[in-house]
Enquirer: 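Can you read through this structure? Questions will come right after.
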Amino acid sequence: MARDGGVTWRRTEKIDRFNLSAADTAEELHVLAVDDSLVDRKVIERLLRISSCKVTAVDSGIRALQFLGLDEEKNSNGFNDLKVDLIITDYCMPGMTGYELLKKVKESSVFREIPVVIMSSENVLARIDRCLEEGAEDFIVKPVKLSDVKRIKDYTTREFRVGEEERTRKGINKRKQRDSFDLSSSSPPSILSSSPVSSSSSSPESQSPSPSPPSIPSASSAPSSPSPIDSHSPTRRVKTTSSE
Amino acid sequence: MEVVQIQRRLVDYTKSLFMEGFLDGQFLQLQQLQDESNPDFVVEVVSLFFDDSEKLLNELTIALDQPNVDFKKVDGHVHQLKGSSSSIGAQRVKNVCIAFRNFCEVQNIEGCLTCLQQVKQEYYLVKNKLETLFRLEQQIVASGGSIPMIEMGF
């Protein structure tokens with residue numbers, strides 16, 4: 001019910017505000033940026049630093065895995081020691097593509113919680129779909145702007161706080177059609193069975209100054225069912241314009 | 001020449017580059033990322049773009065000169081050039097790259113060769129323009145002035 005969705009949101013924001021002062025000063029987000037282009041690496045690094053993030057920039061998926069400790073040669077010791085909070089990767093890279101990197105991260109029990117954002121110069125719906133299905137947090141069409149980084153940072157910070165709730169909800173999105181007709185099902189937690197949040201509500205988390213015009217239809221939901229709790233519907237945030 | 005005059009020249013020159021389509025909004029974005037802690041950011045990124053592009057243009061020339069052209073390889077280089085030109089706002093270069101990739105896809109050698117010529121032209125033009133822009137900025141800074149922020153209507 002819309003009310004439940006609203007309550008969920010308010011609760012999220014309360015948690016956010018409650019923890020914000022403590023965590024805000026504690027640590028910056030550590031972002032692992034992956035791009036084979038030197039020019040793009042320099043730009044993304046600056047975009048992230050200016051947004052108060054710690055950045056580690058690498059030029060390939062392999063190096064990204066090495067940095068995380070996920071490559072075949074070393075066994076991951078089971079901890080996210082380097083505390084990577086977000087991975088942002090280019091899609092088209094020689095060797096391992098961003099998509100393959102995404103899969104490897106999501107297959108890892110240690111690292112699958114880390115949100116992964118894909119960047120691409122090509123606005124191909126099938127590609128976006130594939131990435132979102134594989135668990136990508138968002139898909140940014142290049143060239144990347146400050147507003148994109150601010151947006152990702154916002155919901156990554158919130159991910160910290162809400163954690164478990166978010167992950168379950170994301171998992172539910174793909175099965176939402178079933179859930180929305182089966183409210184008596186005991187498997188989803190009660191807050192999440194409140195499926196049809198009014199799709200007319202504007203995205204509450206949207207703090208970015210430039211609203212992204214969703215000129216492509218929502219790629220991950222069937223047309224007839226109401227959109228899921230929209231704050232994390234990545235397709236609404238897919239940019240299609242590249243210049244202002 | 002007075003600082004104010006050079007500043008005005010810079011503003012007018014920059015605006016003309018946008019009007020003529022050499023640069024797009026992404027260039028402004030880069031300028032916004034420059035500050036006292038990173039005063040040379042734009043020059044640094046653009047320099048990387050110059051180095052990268054010249055390498056790519058060389059590779060493209062060689063690749064298209066082969067008896068059996070490897071269009072996938074050519075497309076790969078153009079894709080890279082398209083990406084970096086887009087990232088710094090070199091709009092005209094990017095646009096030629098788009099056409100270039102279309103010719104690669106249909107393996108049209110003549111189209112590719114024409115595009116190569118065009119992209120080189122556009123590249124050298126924008127390189128020239130940006131170097132002029134940076135020189136003006138240097139003059140301002142050397143005279144103790146500050147670089148004016150460009151406000152664009154669009």
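Throughout, a chain's letter reflects where its sequence line sits, starting with A, and its residues are numbered from 1.
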Enquirer: Hey, is CD on B:Glu131 packed in by over 12 heavy atoms from elsewhere, all under 6.0 Å?
Expert: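 Yes, the 6.0 Å shell around CD holds more than 12 heavy atoms from other groups.
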Enquirer: Can you say whether B:Ser37 sits under 4.5 Å from chain A via the side chain, the backbone, both, or neither, judging by heavy atoms?
Expert: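 For B:Ser37, the contact with chain A is made by the side chain alone.
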Enquirer: Taking everything shown except A:Arg49 itself, do over 12 heavy atoms lie less than 6.0 Å from its CZ?
Expert: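 Yes.
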Enquirer: Quick one: does any side-chain atom of B:Gln29 pair with a main-chain N or O of A:Leu146 as donor and acceptor, under 3.5 Å?
Expert: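 Here the side-chain-to-backbone pair exists.
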Enquirer: If you count heavy-atom pairs under 4.5 Å between each of B:Asp51, B:Val45, B:Asn38 and chain A, which one has the most?
Expert: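 Heavy-atom pairs under 4.5 Å are most numerous for B:Asn38.
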Enquirer: Among the options B:Ile88, B:Val46, B:Asp35, B:Asp52, pick out the one with the most heavy-atom pairs lying under 4.5 Å from chain A.
Expert: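 If we count pairs closer than 4.5 Å to chain A, B:Asp35 comes out on top.
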Enquirer: I need the A:Arg41 CZ to B:Leu48 CG distance, nearest 0.5 Å.
Expert: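 Interatomic distance, A:Arg41 CZ to B:Leu48 CG, rounded to 0.5 Å: 9.5 Å.
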Enquirer: To the nearest 0.5 Å, what is the distance between NZ (A:Lys42) and OG (B:Ser47)?
Expert: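 With rounding to 0.5 Å, NZ (A:Lys42) is 9.0 Å from OG (B:Ser47).
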Enquirer: Determine whether more than 12 heavy atoms belonging to other residues, nucleotides or ligands lie under 6.0 Å from atom NZ of B:Lys73.
Expert: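 No.
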Enquirer: Can you list the steps and then say if B:Lys82 with A:Lys142 is a side-chain contact (heavy atoms from CB on, under 4.5 Å)?
Expert: CA-CA 11 Å; B:Lys82 175 175 160 263; A:Lys142 282 180 160 182; over 6 Å; no
Enquirer: If you compare all heavy atoms of A:Pro143 against all heavy atoms of B:Ser87, which two are closest, and at what distance to 0.1 Å?
Expert: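 Heavy atoms of A:Pro143 and B:Ser87 come nearest at CB-CA, 4.1 Å.
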Enquirer: Let me confirm one number: the CG-NZ distance from A:Leu38 to B:Lys55, rounded to the nearest 0.5 Å.
Expert: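 That separation rounds to 8.0 Å.
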Enquirer: How many angstroms lie between atom NZ of A:Lys145 and atom CG of B:Leu33, to the nearest 0.5 angstrom?
Expert: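 If we round to the nearest 0.5 Å, A:Lys145:NZ and B:Leu33:CG are 11.0 Å apart.
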Enquirer: Distance check, rounded to the nearest 0.5 Å: B:Phe41 atom CZ versus A:Glu45 atom CD?
Expert: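 Going from the CZ atom of B:Phe41 to the CD atom of A:Glu45 covers 9.0 Å.
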Enquirer: So which part of A:Ile50 gets closer than 4.5 Å to some heavy atom of chain B, the side chain, the backbone, both or neither?
Expert: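 The side chain, not the backbone.
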Enquirer: Does the pair A:Arg46/B:Glu44 count as a salt bridge with the N-to-O cut at 4.0 Å?
Expert: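 Looking at A:Arg46 and B:Glu44, the cut-off is not met.
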Enquirer: I'd like to know whether CD of A:Glu107 has more than 12 heavy-atom contacts from other residues, nucleotides or ligands below 6.0 angstrom.
Expert: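 Enclosed: over 12 neighbouring heavy atoms sit under 6.0 Å from CD of A:Glu107.
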Enquirer: Quick check: are there more than 12 heavy atoms from other residues, nucleotides or ligands sitting under 6.0 Å from CD of B:Glu2?
Expert: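 Not buried by this count: 12 neighbours or fewer within 6.0 Å.
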Enquirer: Quick one: NE2 on B:His79 to SG on A:Cys92, what's the gap to the nearest 0.5 Å?
Expert: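 One finds 4.0 Å between NE2 of B:His79 and SG of A:Cys92.
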Enquirer: Tell me, yes or no, whether the heavy-atom count around A:Arg127 atom CZ, taken from other residues, nucleotides or ligands under 6.0 Å, exceeds 12.
Expert: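 It does: A:Arg127 CZ has more than 12 such atoms within range.
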